[in-house]
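Both backbone and side-chain heavy atoms feed into the values below; hydrogens, waters and symmetry mates do not. Protein chains get the first letters and strands the later ones, always in sequence-line order, with residue 1 at the start of each.
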There are 2 protein chains.
Amino acid sequence: MPIPENHDPFKRSISHVLEIIGEGWSLLIIREAFFGVHRFEEFQSQLGIARNILTARLKKLCETQILERVPIKEGAKRHEYMLTSKGKELMPVLIALTQWGDRWIFGENAEPVIFMDREHNEPIAKIKVRSARGGDLRPREIMVVPGPGSTPESKKRIEEMHRRLESGVDA
Amino acid sequence: MPIPENHDPFKRSISHVLEIIGEGWSLLIIREAFFGVHRFEEFQSQLGIARNILTARLKKLCETQILERVPIKEGAKRHEYMLTSKGKELMPVLIALTQWGDRWIFGENAEPVIFMDREHNEPIAKIKVRSARGGDLRPREIMVVPGPGSTPESKKRIEEMHRRLESGVDA
DNA sequence: AGATAAAAGTTTTATTATAAAACTAAATGT
DNA sequence: ACATTTAGTTTTATAATAAAACTTTTATCT
């Protein structure tokens, strides 16, 4: 569990996200939710996750507002777990992971599942990193600069990074 | 650690990916590699990771061909860890995660770092799920169908999912 | 209405992974 | 050649996860 004790915002930018959704099962639970699974027992049987762990994960995902406990119907005490907008916006992450796996683990013609554009009934596009103008960006065409949430410390870190990348025929 | 004992390809499609890069530190190591960190000591000091864990993660990332051990120079026995193409193609995942965190954890005007289009010197676009035609897709405009790597079992699972999604005012 | 079962968790115990720190061997710079 | 990095091991302590049995509340059936 990655919790760097220094609170450098530079590091927080991904590691803090991973604290929330990086724990083994979390993304799988979120994926099941996308696929219409909402109840404790269903998550459990679909994933084969230990029930105490499922309890802990659902709790955390609710606390972080990725899932929401809603009563199963008007005034019921039993409830189900629904994705919030915050949770739904993890779709690109999930699809990017899946597409990477399709390409590099299963192979282009052995995808277990295909994501389809429902309206046009054809596969969705590959997720890509694009410039504001819309063109594809390759890793070396991307660089990183301090944002409004940066600190002197993180600025130093980024400068160091630039020096590193300039010096080698790198990345 | 998510290793569902049933080998349903439907489940494997993300969980198998997570077995490779889902372990706490892995993505952080990969991110450091993108930022020009390549040596054991540097990974260790940047991340504050325990050295035995770093050893294990680097080993696994090499075994899975995300990183590659290359001699530091011609014929040297000491080496460094470089991203392979397979590793580099995780960029969209990393950026999607970061952008999600910027939006939902740090807030739109408090991003620790900004990814820039180097050539045009402006922030990159937000990563989105798009149709083959290029338009944005919202979660409910996406559906899932069995791919060439599916099995009867996974097909059943997907049908079940469709039933579920049709029946409720869902997701 | 009452019995039966299912749903949604707890609790307990065992196993496994992670962290921290000290240690070691090889490779490099001076 | 010698001191210092570098890149790891090893050991021990701590924390997370898994499996299984147990509890309690809510549905379902007759």
Side-chain angles (χ1 to χ4, degrees), chain A residues 1-6 11 15 18-29 32-33 36-64 67-82 164 168, chain B residues 1-6 11 15 18-29 32-33 36-64 67-82 160 164 167-168:
Chain A
M1 210 187 291
I3 309 171
E5 70 294 331
N6 55 24
K11 283 166 195 170
S15 73
L18 292 177
E19 278 173 50
I20 296 177
I21 57 165
E23 287 167 303
W25 293 106
S26 301
L27 272 176
L28 294 177
I29 290 171
E32 290 301 319
V37 167
H38 302 300
R39 309 273 289 258
F40 187 93
E41 294 294 322
E42 283 178 312
F43 285 115
Q44 201 283 320
S45 62
Q46 290 298 340
L47 295 171
I49 183 176
R51 332 193 73 202
N52 51 349
I53 304 298
L54 178 55
T55 300
R57 290 294 165 276
L58 289 173
K59 183 155 174 274
K60 187 168 185 183
L61 289 171
C62 286
E63 281 166 5
T64 53
L67 295 177
E68 191 183 15
R69 272 165 89 106
V70 302
I72 225 156
K73 55 179 177 177
E74 197 63 19
K77 207 181 169 188
R78 196 164 285 180
H79 48 264
E80 50 191 358
Y81 298 88
M82 303 297 281
R164 214 193 303 268
Chain B
M1 209 187 293
I3 309 172
E5 69 295 330
N6 55 23
K11 285 167 195 169
S15 72
L18 292 178
E19 278 174 50
I20 297 177
I21 57 164
E23 287 168 302
W25 293 106
S26 301
L27 271 176
L28 294 176
I29 291 170
E32 292 300 320
V37 167
H38 302 300
R39 309 273 288 259
F40 187 93
E41 294 294 321
E42 282 178 312
F43 284 114
Q44 200 283 318
S45 61
Q46 290 297 342
L47 295 172
I49 184 178
R51 331 194 64 176
N52 51 350
I53 303 299
L54 178 55
T55 300
R57 291 295 165 274
L58 289 173
K59 183 155 173 274
K60 187 167 185 184
L61 289 171
C62 286
E63 280 166 7
T64 53
L67 295 177
E68 192 182 15
R69 273 164 89 105
V70 302
I72 224 157
K73 54 180 178 178
E74 197 63 18
K77 206 183 170 189
R78 196 164 284 180
H79 48 265
E80 51 191 357
Y81 299 89
M82 303 298 280
E160 188 189 319
R164 215 193 302 267
S167 68

- Item | Annotated protein contacts, base or backbone, on nucleotides 6-11 of chain C with a non-hydrogen cut-off under 4.0 Å, one of B, S, - each | -SBBBB
- Hey, does the side chain of B:W25 come within less than 4.0 Å of C:dA19's phosphate (OP1/OP2), counting only N and O?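 Answer yes for this pair, as a side-chain N or O of B:W25 is under 4.0 Å from OP1 or OP2.
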- Please name all residues satisfying side-chain hydrogen bond (donor to acceptor under 3.5 Å, both in side chains) with B:E68, sequence neighbours left out, ordered by chain then number.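 With neighbours one apart ignored, the set is empty.
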I need the [atom1]-[atom2] distance between [X] and [N], as an integer number of Å.
X     : N      : atom1 : atom2 : result
B:I53 : D:dA15 : CD1   : C1'   : 12 Å
A:K60 : D:dT17 : NZ    : C1'   : 14 Å
B:K59 : C:dA17 : NZ    : C1'   : 15 Å
B:I49 : D:dA7  : CD1   : P     : 15 Å
A:L54 : D:dA20 : CG    : C1'   : 16 Å

- So what is the end-to-end bend of the helix from C:dA1-D:dT30 to C:dT30-D:dA1, with 5 pairs used at each end and the value given to 10 degrees?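 Between the axes fitted at each end of the helix from C:dA1-D:dT30 to C:dT30-D:dA1 lies an angle of 40°.
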- Item | Aromatic centroids of B:H79 and B:Y81 separated by under 6.0 Å |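 Yes, the ring of B:Y81 comes within the 6.0 Å limit of the ring of B:H79, centre to centre.
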- Item | Donor-acceptor contact below 3.5 Å, side chain A:S26 vs main chain A:G22 |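 Judged by distance alone, no pair lies under 3.5 Å.
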- Query: Does B:R57 offer a backbone N or O that forms a donor-acceptor pair with the side chain of B:E23 under 3.5 Å?
  - Reply: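 Checking the backbone N and O of B:R57 against the side chain of B:E23, no donor-acceptor pair under 3.5 Å is found.
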- Rounded to the nearest 0.5 Å, how far apart are CG of A:L58 and CD1 of A:I53?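 The distance works out to 11.5 Å.
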- Query: Which distance, rounded to the nearest 0.5 Å, do you find between the CG of B:L47 and the CD of B:E32?
  - Reply: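 Here the interatomic distance stands at 4.5 Å.
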- Item | Residue mapping more 5' on DNA chain D - nearest nucleotide basis, A:A50 or A:K77 |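 Mapping each residue to its closest nucleotide by heavy atoms, the 5'-most match is A:A50.
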- Task: In plain terms, say whether B:E41 and B:R51 are close enough for a salt bridge, that is, a side-chain N and a carboxylate O under 4.0 Å apart.
- Result: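 A salt bridge links B:E41 with B:R51.
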- Task: Would you name the heavy atoms of B:Q46 and B:V37 that are closest together and state the gap between them?
- Result: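 So the two residues come closest at CG-CG2, 4.3 Å.
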